[in-house]
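Since the structure comes first, as structure tokens, the remarks are kept for the end.
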Amino acid sequence: MVELSAVEIAKQAAGRHAAAFVEDGMGVGLGTGSTVRHTIIALGERQPCIRCVATSEQTAVLARDVGLEVVAPEVLGRLDIAVDGADEVDPALNLIKGGGGAHTREKVVAAMAERFVVVVDESKLVDRLGAFGLPIEVIDFAAGVVAARLRDLGAAGVTRRAALSDNGNPILDAAFGEIPDPPALAARLCAIPGVVEHGIFTADMVERVVVSSADARVREIVRES
Ligand code: 5RP
């Protein structure tokens, strides 16, 4: 039998916990990554009567492999719930996402959902966003210009990933360090021509964060409205 690491135990507990929010008849957004993977596997075991929108090719393959129906976003238009991981979560429930390069589709899917549930192990909880390099999807033509604008906005370094997104675009990672006001930075990033999408998900998108520790104890942090 394969021994699971402490982090893997936590990811599994958080991911499986969120599967319980999914009920027959729902339209469900499926995120990308090693935590929400456990949600998808749990749904595959249960086989609820649902239709899903996947946030990446990788997730679509996994979901179909476990027997879930995956359709294009416009088939459903809106979703009852979306479940996804995160790279960082601050106390207000602002997020950094995009470690897996899927944040553009992830944001589209989260915005389609009535409830956006985030699943993380407790290492993702931070006092301030920013230690994790901020992923920014750009059009190829503008990559250099956007990188310069990111430095103007305070990024100490900007690196370009070797791999393209599922949308065929380059992804930059910007080292902002601590981000004191995530919604303000998000607005500035949206205003840069050539930026397709950035990895700040502001707290207003989030309904709750499911957090698990290494001993598989799960708690929910619900956003105060
Ligand atoms: C992919 C993401 C993931 O949700 C994020 O990177 C967290 O992944 P993991 O659950 O593997 O730690 O945003 O683009």
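Counting convention: from 1, in listed order, for ligands and their atoms alike. Remember, predicted model here, so these are calculated numbers, not experimental data.
For Lys124, the heavy-atom gap to ligand 1 drops under 4.0 angstrom. Within the structure, the closest approach of Gly31 to ligand 1 does not fall below 4.0 Å when heavy atoms are considered.
Close contacts between ligand 1 and Asp87 involve ligand atoms 5 (C), 6 (O), 7 (C), 13 (O) [criterion: under 4.0 Å to a heavy atom]. Interface of Lys97 with ligand 1, defined as ligand atoms under 4.0 Å from a residue heavy atom, comprises 2 (C), 3 (C), 4 (O), 13 (O). For ligand 1, the atoms lying closer than 4.0 Å to a non-hydrogen atom of Gly85 are 4 (O). Residue Gly33 has at least one heavy-atom neighbour below 4.0 Å for each of these atoms of ligand 1: 11 (O). Every atom of ligand 1 with a heavy atom of Gly101 under 4.0 Å away is listed here by number and element: 14 (O). Taking every non-hydrogen atom of Thr32 and a distance limit under 4.0 Å, the qualifying atoms of ligand 1 come out as 1 (C), 2 (C), 3 (C), 4 (O). The contact set between ligand 1 and Gly98, taken as ligand atoms under 4.0 Å from a residue heavy atom, comprises 2 (C), 13 (O), 14 (O).
Remark: side-chain polar atoms of Lys107 are not paired, donor with acceptor, to backbone N or O of Gly199 under 3.5 angstrom. Within the 3.5 Å criterion, the main-chain N or O of Gly99 finds a donor-acceptor partner in the side chain of Asp87. Side-chain atoms of Arg51 do not come within 3.5 Å of backbone N or O of Val75 as any donor-acceptor pair. Judged purely by atom type and a 3.5 angstrom limit, Arg160 has no side-chain atom pairing as donor or acceptor with the backbone of Ala143. At distances below 3.5 Å, not a single donor-acceptor pair connects side-chain atoms of Asp173 with backbone N or O atoms of Thr159.
Of all protein heavy atoms, the one lying nearest to atom 10 (O) of ligand 1 is Thr35 OG1, 2.6 Å. Shortest contact from atom 1 (C) of ligand 1 to any protein heavy atom: Glu106 OE2, 3.1 Å.
Hydrophobic clustering keeps Met112 apart from Ile40 (ILVMFWY residues linked when any side-chain heavy atoms are closer than 4.5 Å, directly or through intermediates). Residues Leu79 and Ile81 fall into different hydrophobic clusters, defined by Ile, Leu, Val, Met, Phe, Trp and Tyr side chains chained together at heavy-atom separations under 4.5 Å.
Classification of Lys97 and Glu197 as a salt-bridged pair fails, no side-chain N sitting under 4.0 Å from a carboxylate O.
When only interatomic distances are considered, the shortest N/O to N/O separation between Gly100 and ligand 1 falls below 3.5 Å.
Neither the backbone nor the side chain of Arg37 comes within 4.0 Å of ligand 1, counting heavy atoms alone. Heavy atoms of Ala86 found under 4.0 angstrom from ligand 1 belong exclusively to the backbone. Contact annotation for Asp84 and ligand 1: only side-chain heavy atoms (C-beta onward) come within less than 4.0 Å of the ligand.
Using a 4.5 Å heavy-atom cutoff, the side chains of Phe176 and Ile200 are not in contact.
Each of Lys11, Gln12, Glu8 was scored for a side-chain hydrogen bond (donor to acceptor under 3.5 Å, both in side chains) with Ser34, with one residue passing: Lys11.
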